[in-house]
Amino acid sequence: MLDIQLLRSDLAGVAQRLATRGVTLDVAAFERMEASRKDIQKQTQDLQANRNQLSKQVGQAKGRGEDASALIAEVNAQADKLKALEGELTGIQGELDQFLAGIPNLPHASVAAGKSADDNVEVRRIGTPRAFDFKVKDHVDLGEALGLLDFNTAGKIAGARFSLMKGALARMHRALAQFMLDVHTQEHGYTEVYVPYLVNADSMRGTGQLPKFEEDLFKIPRQSTEVEAGADAKPRDASLYLIPTAEVPVTNMVRGEIVAGNTLPLKYVCHSPCFRSEAGSYGKDTRGMIRQHQFDKVELVQMVHPASSYVAHEELTAHAESILQRLDLPYRTMLLCTGDMGFSSAKTYDLEVWLPGQNAYREISSCSNFEAFQARRMQARFRNDKNKPELLHTLNGSALAVGRTLVAVMENYQNSDGSITVPTALRPYMGGAERIGA
RNA sequence: GGAGAGAUGGCCGAGUGGUCGAAGGCGCUCCCCUGCUAAGGGAGUAUAGGCUCAAAAGGCCUAUCCAGGGUUCGAAUCCCUGUCUCUCCGCCA
């Protein structure tokens, strides 16, 4: 969520920066709502002040044993008007909140303007794709031939976009997650956390998945026994959502908190399953385990001082890259353009790993700086030098998506006989195994 | 699932209808005193928003004592609904 003060002081500037993302800000609507809010708020507060004043006098009069009925009558005379105004104020503030919640973050100055992924900028390219002297297979052919990957059975159990791994492949999947966690905790200073995989709507709002992207989430409908007040009394919605990324529960750890300044930066790493309905991506990546309803990911999350978030962003991205380097997987780092960034992000690097089976670089990580956008929604703050609460900055990045890393290892480390060499870095996690299959 | 207790400022904790944004303590900040890893004295110390002001400072005002409703001229305090925490019992990986 953007700072409403920024919209008040520089509406045109905000609209201009949003335009680079392809978003049109309804300036007129905002100005109309603001004018209305000001007017109603002024009237409401004046009446409230008047009521408080008179009520105080009632108390004083009664204290002196005098009759206060005239004062009480005076307050009562404006009670209806006050109640109506208070209702209006709540209404207009709700409208403004909703309007504000629908506006994406402003791109950082270092982000290139662009419309789509075609305009992303390649920042660096590490490693050289291996030259194969045989016809390469993709991970589906490799895994099924080895009898270790079974999409048919997964389909029977759950449906499309689920996968089932067995034996050494399932173990390698687990090994990858363990390896990533160990590197980040032992070498990069992250604290490992285990978190809920089902979260409430407040948490989804905190990181920006709600209200705009509900269709991408798996939702478990639930009703509280609490009944909302009002004419159409209905039970309060207490639905839970499956997390689409550990970013949600981990970042929400600081929701509503004021942390001591000297505890920053907070650095967490979390291995979790992720659930995405992939609505709107029908027909995309239908083969294999590139795009699944359920996948594992090791996520890095940092809460930092605002002054250091861009340094932290570079570091976090480097932490993610280090996994690819240790696995000796060729990749490139892309700076996303304004038009291709996620809703909440001010700046994002995507890491794309080389997949021989597709003869292409494919996204395996996304590292973003959200500045105060998430923190403002969550009211996540720290005490600054002046001992005043100030919004902190949040960042996160995948390091890495485990399923896609497994795909990358399978395809890049395949041998002519259909076996897969185990990367050296993973061998300690695989009981010393050097090869899968054959 | 059953029974009970609780939720107040950074922390502890008082406050059961009026002048309470909230005593007191701790912590923190500044000043004074003290020549010393201590103690004492004084002042200050929530957040968000609105109005005023060229701006800052300042001033005035509104809201917030878990959340949402209600009663009342007036609610931290009374009533209702919920959430969470703790204790005991049951069940359970």
Side-chain angles (χ1 to χ4, degrees), chain A residues 1-10 30 33-97 99-100 194 196-203 205-206 222-240 252-264 372 375-392:
Chain A
M1 178 160 81
L2 294 178
D3 186 356
I4 193 165
Q5 300 292 0
L6 185 63
L7 272 81
R8 286 174 186 156
S9 60
D10 185 19
F30 179 75
M33 283 188 279
E34 263 295 282
S36 169
R37 188 216 98 234
K38 262 190 185 180
D39 178 49
I40 295 168
Q41 183 164 341
K42 179 97 173 67
Q43 290 186 53
T44 307
Q45 292 190 350
D46 285 350
L47 275 184
Q48 283 171 332
N50 189 244
R51 177 204 60 198
N52 292 346
Q53 175 73 27
L54 289 171
S55 294
K56 207 168 262 187
Q57 288 176 25
V58 170
Q60 289 166 344
K62 289 198 169 174
R64 293 190 298 263
E66 298 169 9
D67 174 37
S69 54
L71 288 167
I72 292 174
E74 196 178 339
V75 178
N76 280 334
Q78 54 173 275
D80 287 347
K81 190 174 180 200
L82 179 57
K83 194 162 189 179
L85 278 169
E86 284 173 340
E88 276 185 62
L89 187 60
T90 307
I92 189 73
Q93 278 171 342
E95 277 181 53
L96 272 166
D97 284 346
F99 181 82
L100 214 56
Y194 172 86
Y197 302 148
L198 295 171
V199 302
N200 58 34
D202 282 342
S203 293
R205 265 190 291 275
R222 229 166 129 240
Q223 285 181 349
S224 160
T225 45
E226 174 191 2
V227 175
E228 283 183 342
D232 55 338
K234 58 183 180 204
R236 191 179 62 84
D237 186 13
S239 295
L240 291 173
N252 273 281
M253 284 167 67
V254 294
R255 170 155 55 87
E257 301 290 326
I258 301 175
V259 302
N262 59 17
T263 62
L264 298 180
R376 190 171 295 110
R377 286 194 177 204
M378 293 191 298
Q379 284 302 295
R381 295 171 292 178
F382 70 100
R383 287 203 178 269
N384 62 22
D385 298 341
K386 292 171 183 162
N387 216 29
K388 293 287 177 194
E390 182 180 338
L391 294 172
L392 43 77

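Proteins get letters first, then strands, A, B, ... in listed order; numbering begins at 1 in each. The model shown is predicted, which means the values in this text are computed figures rather than measured ones.
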Measure from the side chain of A/Lys83, starting at C-beta and using heavy atoms only, and say which of B/G50, B/U19, B/G70 lies closest. B/G70
Candidate nucleotides B/G18, B/G49, B/U47, ranked by approach to the side chain of A/Arg381 - the nearest: B/U47
Run the salt bridge (Lys or Arg N to Asp or Glu O under 4.0 Å) test against A/Asp10 and tell me which residues pass, sequence neighbours left out. none
Euclidean distance, atom CD of residue A/Glu86 to atom C1' of B/G70 [Å, nearest integer]: 14 Å
If we ignore angles and hydrogens, is there a donor and acceptor under 3.5 Å between the side chains of A/Gln93 and A/Asp97? no
In whole angstrom, give the distance that lies between atom CD of A/Glu34 and atom P of B/C51. 9 Å
Please report the distance separating the P of B/A22 from the corresponding atom of B/C32, rounded so that it comes out in whole Å. 29 Å
What is the distance, to the nearest angstrom, from the CZ atom on A/Arg37 to the C1' atom on B/C51? 11 Å
Evaluate the side-chain hydrogen bond (donor to acceptor under 3.5 Å, both in side chains) criterion for residues A/Gln48 and A/Asn52: first the C-alpha distance (whole Å), next the side-chain angles of each, then the deciding distance (0.1 Å), finally the verdict. CA-CA 6 Å; A/Gln48 283 171 332; A/Asn52 292 346; over 6 Å; no
Mapping A/Asp3 and A/Val75 onto RNA chain B by nearest heavy atom, which one lands closer to the 5' end? A/Asp3
Keeping to residues at least two apart or across chains, list the side-chain hydrogen bond (donor to acceptor under 3.5 Å, both in side chains) pairs with something in residues 253-262 of chain A. A/Ser203-A/Arg255, A/Asn252-A/Arg255
Can you check the distance between B/U64 and B/A3, where both ends of the measurement are the C1' atom (answer in whole Å)? 34 Å
Distance check, C1' atoms only: B/U81 and B/G18, in whole angstrom units. 27 Å
Taking the C1' atom of each, how far is B/U72 from B/C78, in whole Å? 10 Å
Applying salt bridge (Lys or Arg N to Asp or Glu O under 4.0 Å), name anything that partners A/Arg377, two or more places apart in sequence or on another chain. none
Integer angstrom distance from the C1' of B/C12 to that of B/G2: 33 Å
Mind calculating the distance between CD1 (A/Ile40) and C1' (B/G50) to the nearest angstrom? 14 Å
Where at least one partner belongs to residues 69-92 of chain A, residue pairs that pass salt bridge (charged side-chain N to carboxylate O under 4.0 Å, His left out), sequence neighbours excluded: none
Between B/G13 and B/G82 - C1' atom distance, rounded Å: 27 Å
Less than 4.5 Å apart, side chain to side chain, heavy atoms only: is that true for A/Tyr197 and A/Leu240? no
In whole angstroms, the gap separating P of B/G17 from NZ of A/Lys56 amounts to 19 Å
When the C1' atoms of B/C36 and B/C28 are considered, how many whole Å apart are they? 23 Å
Check the distance between B/A48's C1' and A/Arg377's CZ and give it to me in whole angstrom. 19 Å
note: A/Leu47, atom CG; B/C73, atom C1'; distance rounded to Å ~ 14 Å
When A/Leu54 and A/Gln379 are each assigned the nearest nucleotide of RNA chain B, the 5'-most assignment goes to A/Gln379
Using a 4.0 Å heavy-atom cut-off across all strands, classify A/Glu390 as base, sugar-phosphate, or nothing. nothing
Taking only side-chain N and O atoms of A/Lys38, does any of them lie within less than 4.0 angstrom of OP1 or OP2 on B/C51? yes
Watson-Crick and G-U pairing of RNA chain B, under 3.5 Å, as dot-bracket with | and [ ]: ((((((((.[[[..)..(.....]]]((((((.......))))))(((((((.....))))))).[[[[[..)....]]]]])))))))....
Is there any salt bridge (charged side-chain N to carboxylate O under 4.0 Å, His left out) pair reaching into residues 46-61 of chain A, and which pairs are they, with sequence neighbours excluded? A/Lys42-A/Asp46
Can you tabulate the close N/O pairs, meaning under 3.5 Å, that link protein atoms to atoms of nucleotides 59-63 of chain B?
from, atom 1, to, atom 2, distance (Å)
B/U62, OP1, A/Asn52, ND2, 3.1
B/U62, O3', A/Gln48, OE1, 3.3
B/U62, O2', A/Gln48, OE1, 2.7
B/A63, OP1, A/Arg51, NH2, 2.9
B/A63, OP2, A/Asn52, ND2, 3.3

Measure from CE on A/Met378 to P on B/A48 and round the result to the nearest Å. 17 Å
Results of side-chain hydrogen bond (donor to acceptor under 3.5 Å, both in side chains) for A/Glu390 - residues two or more places apart only: A/Asn384
Main chain of A/Ile92, side chain of A/Arg37: is a donor-acceptor contact present, judged purely on distance under 3.5 Å? no
If the condition is side-chain hydrogen bond (donor to acceptor under 3.5 Å, both in side chains), which residues does A/Gln379 pass it with, not counting sequence neighbours? none
Write down the distance separating the C1' atoms in B/G74 and B/G70, rounded off to the nearest Å. 15 Å
